[in-house]
2 protein chains.
Amino acid sequence: MATIKDVAKLAGVAISTASYALNNSNKVSQATKEKVEAAAKSLNYKKNGFASDLKRTKTNTIALILSDLSGPFYSELIQGVQDVTTANGFDLIACSSIGGANSTATKFLQEKRVDGAIILAHNISDEVTLQSARKGFPLVVLDRKLDSDFVYNIEVDNTHGGYLATEHLIQNGHREIAYVSGPYNSHDNNLRFQGYMNALNDHGIAYQPKWKIIGDFTREGGYRTTKMLIAQRKFPHAIFYSNDEMAIGGLEALRENNISVPDDISIIGFDDIQLAEYVSPPLSTIKQPKYEAGSLAVHVIFQLLAGEKVDHHYTLSTELVKRQSVKQRKLPEPIT
Amino acid sequence: MATIKDVAKLAGVAISTASYALNNSNKVSQATKEKVEAAAKSLNYKKNGFASDLKRTKTNTIALILSDLSGPFYSELIQGVQDVTTANGFDLIACSSIGGANSTATKFLQEKRVDGAIILAHNISDEVTLQSARKGFPLVVLDRKLDSDFVYNIEVDNTHGGYLATEHLIQNGHREIAYVSGPYNSHDNNLRFQGYMNALNDHGIAYQPKWKIIGDFTREGGYRTTKMLIAQRKFPHAIFYSNDEMAIGGLEALRENNISVPDDISIIGFDDIQLAEYVSPPLSTIKQPKYEAGSLAVHVIFQLLAGEKVDHHYTLSTELVKRQSVKQRKLPEPIT
DNA sequence: CTGTTAGCGCCTTCAA
DNA sequence: TTGAAGGCGCTAACAG
């Protein structure tokens, strides 16, 4: 690979001159610039990005850390992140946190290969997050709540969302409502569950532990837990799946058992992923402002990079999306 | 930020010693190593990735270049890429080519920030691709065909896929078959169209230019072109959308006009994206071996990096997936 | 406008 | 086992 040295030599100028010329500085004459450019072209010279980043101690890129690049992550969120990042002339790279401490994500977080990062990856530990955040390296987390001088939190109002979902079910006459949870360590899940509890409570319905089923936020998990529910003697009036993926898995399990949604049972999800609208029946769910969350996250980073002071915590609101998986419950005929 | 110098100073050793200790070399005593590690920890030292990459002139990361990070890209493909990459202990980063020549993708391609790259982004020009590829920097393209010493091609058999789709329609009694194309400059599209033509030809059906509609591979494009088709006087027996996204957009247009699929018209897509199975009716389509394409791509890169010689061209086969959007055409009652 | 020079932070011979 | 020193490729004073 040709270096700037080779270019300078070929063009017959000093290295610095070549550098200036290549960076479009106005310190060199048009003639030299052309000479240098010609030399660069003929050598197929490409600058070494590291060397220049090293020198300037700044990369102009921010990282988006996802738990799995191929996962059903939120394309709107990425869109938001992407839009704001490119609008600011920064580069955006996405990397996965598969592999935990040895993952690419951890590497990027720790080795200052980027100027800032957004984390949406439950498999990055709080510990890694906390010890990576430092002055001059803003970190925004979208999936947890962390108190640190250098970590900024953006959350959607999961509690309220959980409340909304549960209340919608209650208002449709359902009282025996199962909650299919996400993993135990999921902050989001815990808040959604809190909302579920609150709604039950506000409507004078006693919480029954038997209706809390532990899932894992995956489609298979939803399928499995639903099968389990079906295998049990008692069946709820409705199921609140703590995310859409699980609800879709559940839908499949229900269909296989000829249990009709929403005639026999009502179900509701959380997230409003793209698929939700296409499954049959279309899934009622809780919509999160994903685009906003993504763009806000980057926005915070840029403010921080510019040395401004910003809040450490933001909460975005959620919204009920009524589709066709929830229906008014037919009460058993009163005996006359 | 603490540098290795600070660590060395605090630990009371030379810089090189600190470096050895931190890199687990066996050239330092256990005692020194511990001393250095303690110092590093207390300073919250993190090595600067650039500096070390610069020194070793190798990054251990490969880039996956997508036209849009938030786009409906192929999660299975990414899965394949990801699996093989991490299995080889390399890092994977995804970046977008939005912005063309000024995009992050172009930057990564040109500034040797990665050891190899996989391109699946029609908005990266052949020119950029060609001039980025160089010895020691293997490039695999998944969406075009390029002849260069340093570019490797992996294609799915689009022509055969197009043939399969069209033939399936023909075998169901359809003869007036519209083709909704992708963008003009899409290599994939051209091959699919070729397959369409071949099938028509093999079955003695004359190609009619009026049945070729120019789309753009987006859902909106499919919607728009279908509306157009509907607005015209003549309507085809069936439509072959050159990708699923467009077919889904088309489905919507058809539904809005109370044209039933597959009763009034049969349609087929291409790609077998996740949604295809969930739309109503479930979309018949052509499935591509996406996971294989992704894993093969990285595999090729690693072979190249290891100095092995590999073929410049691979073709993976496609397969017809029958679902419910294609139906045998009722012939008009013969007059008796 | 151009050239000289001193590092950015790290790794790695080489000599002690 | 440890330390001194050179340099990866580039940028940015500074001096001419």
Side-chain angles (χ1 to χ4, degrees), chain A residues 1-40 43-61 107-108 110-115 134 136-137, chain B residues 1-40 43-61 107-108 110-115 134 136-137:
Chain A
M1 274 309 288
T3 73
I4 198 168
K5 220 158 152 181
D6 303 314
V7 175
K9 198 192 296 173
L10 181 63
V13 299
I15 296 180
S16 60
T17 308
S19 173
Y20 287 135
L22 261 7
N23 289 302
N24 262 317
S25 156
N26 52 358
K27 297 185 154 186
V28 295
S29 68
Q30 188 58 28
T32 354
K33 186 186 271 179
E34 278 165 15
K35 212 164 47 180
V36 172
E37 278 166 357
L43 290 170
N44 191 23
Y45 165 77
K46 300 281 182 286
K47 86 156 147 197
N48 183 315
F50 296 134
S52 88
D53 285 346
L54 173 58
K55 182 65 193 180
R56 337 196 323 194
T57 57
K58 140 173 233 336
T59 67
N60 255 46
T61 112
K107 184 163 156 188
F108 273 74
Q110 303 199 141
E111 301 184 357
K112 59 164 165 188
R113 290 169 179 278
V114 290
D115 290 340
R134 54 188 178 267
F137 185 58
Chain B
M1 274 309 287
T3 72
I4 199 169
K5 219 157 149 184
D6 304 314
V7 175
K9 197 192 298 175
L10 181 63
V13 300
I15 296 180
S16 59
T17 309
S19 173
Y20 285 137
L22 262 7
N23 290 303
N24 262 317
S25 156
N26 53 358
K27 298 186 155 186
V28 296
S29 69
Q30 187 60 28
T32 2
K33 187 186 269 181
E34 277 165 18
K35 213 166 45 180
V36 172
E37 277 166 358
L43 289 171
N44 191 24
Y45 166 76
K46 300 282 182 289
K47 85 156 150 199
N48 182 315
F50 295 134
S52 82
D53 285 346
L54 173 58
K55 182 65 193 178
R56 333 180 353 170
T57 57
K58 135 174 236 332
T59 68
N60 256 47
T61 112
K107 183 164 157 187
F108 273 74
Q110 305 202 139
E111 301 184 357
K112 56 166 155 184
R113 289 169 181 277
V114 290
D115 290 340
R134 53 187 178 269
F137 184 59

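By convention in this document, chain letters (A, B, ...) are assigned in the order of the sequence lines, proteins followed by strands, and residues within each chain are numbered from 1. Note that this is a predicted model, so its numbers are computed, not measured.
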So, for [X] and [Y], which heavy atoms are closest and what is the spacing to 0.1 Å?
X: B:A8; Y: B:A18; answer: CB-CB, 4.0 Å
X: B:A21; Y: B:V28; answer: CA-CG2, 3.9 Å
X: B:A11; Y: B:A39; answer: CB-CB, 3.9 Å
X: A:F137; Y: A:V114; answer: CE1-O, 3.3 Å

Close N/O contacts between protein and nucleotides 8-10 of chain C (under 3.5 Å):
from, atom 1, to, atom 2, distance (Å)
C:dG9, N2, B:A51, O, 3.4
C:dC10, OP1, B:Y45, OH, 2.7
C:dC10, OP1, B:N48, N, 3.0
C:dC10, OP2, B:I4, N, 2.5

Any side-chain heavy-atom pair of [X] and [Y] under 4.5 Å:
X: B:N24; Y: B:K33; value: yes
X: B:L22; Y: B:Y45; value: yes
X: B:N48; Y: B:T3; value: no
X: A:I4; Y: A:K47; value: no

Checklist entry - Excluding sequence neighbours, so at least two apart, what forms side chain to side chain contact (heavy atoms under 4.5 Å, CB included) with A:N44? => result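 Checked A:N44 against side chain to side chain contact (heavy atoms under 4.5 Å, CB included); matches are A:K46.
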Item to check | Whole-Å distance separating the NZ atom of B:K58 from the P atom of D:dG9 | outcome: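 Whole-Å distance recorded here is 16 Å.
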Checklist entry - Whole Å only: how far is the CG atom of B:N60 from the P atom of C:dC11? => result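 So the CG-P distance, B:N60 to C:dC11, works out to 13 Å.
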Next on the checklist: Can you confirm whether more than 12 heavy atoms, excluding those of B:K107, are under 6.0 Å from its NZ atom?
Outcome noted: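 It does: B:K107 NZ has more than 12 such atoms within range.
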Item to check | Neighbour count >12 (heavy atoms, 6.0 Å) for atom NZ, A:K5 | outcome: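 Not more than 12 within 6.0 Å, no.
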Next on the checklist: Using a strict heavy-atom distance below 4.0 Å, which residues from residues 28-37 of chain A are in contact with DNA chain C?
Outcome noted: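 Nucleic-acid contacts, sorted: A:V28, A:S29, A:T32.
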Checklist entry - Heavy-atom contacts under 4.0 Å between residues 6-14 of chain B and DNA chain C, which residues? => result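 Listed by number, there are none.
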Next on the checklist: Tell me the bend of the helix from C:dC1-D:dG16 to C:dA16-D:dT1 as the angle between end helix axes, each from five pairs, rounded to the nearest 10 degrees.
Outcome noted: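 What I find for the helix from C:dC1-D:dG16 to C:dA16-D:dT1 is an axis angle of 40°.
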Interface polar pairs with nucleotides 13-16 of chain D, N/O, under 3.5 angstrom:
from, atom 1, to, atom 2, distance (Å)
D:dA13, N7, A:Y20, OH, 3.4
D:dA13, N6, A:Y20, OH, 3.3

Checklist entry - In Å and rounded to the nearest 0.5 Å, what is the CZ to CZ distance from A:F50 to A:R113? => result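 One gets 6.0 Å once the value is rounded to the nearest 0.5 Å.
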Next on the checklist: Could you measure the distance from the OG atom of A:S29 to the NZ atom of A:K35? Nearest 0.5 Å is fine.
Outcome noted: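 Rounded to the nearest 0.5 Å, the OG-NZ separation comes to 7.0 Å.
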Checklist entry - Looking only at side chains, do A:D53 and A:T59 share a donor and an acceptor under 3.5 Å apart? => result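 Absent: no donor and acceptor within the cut-off.
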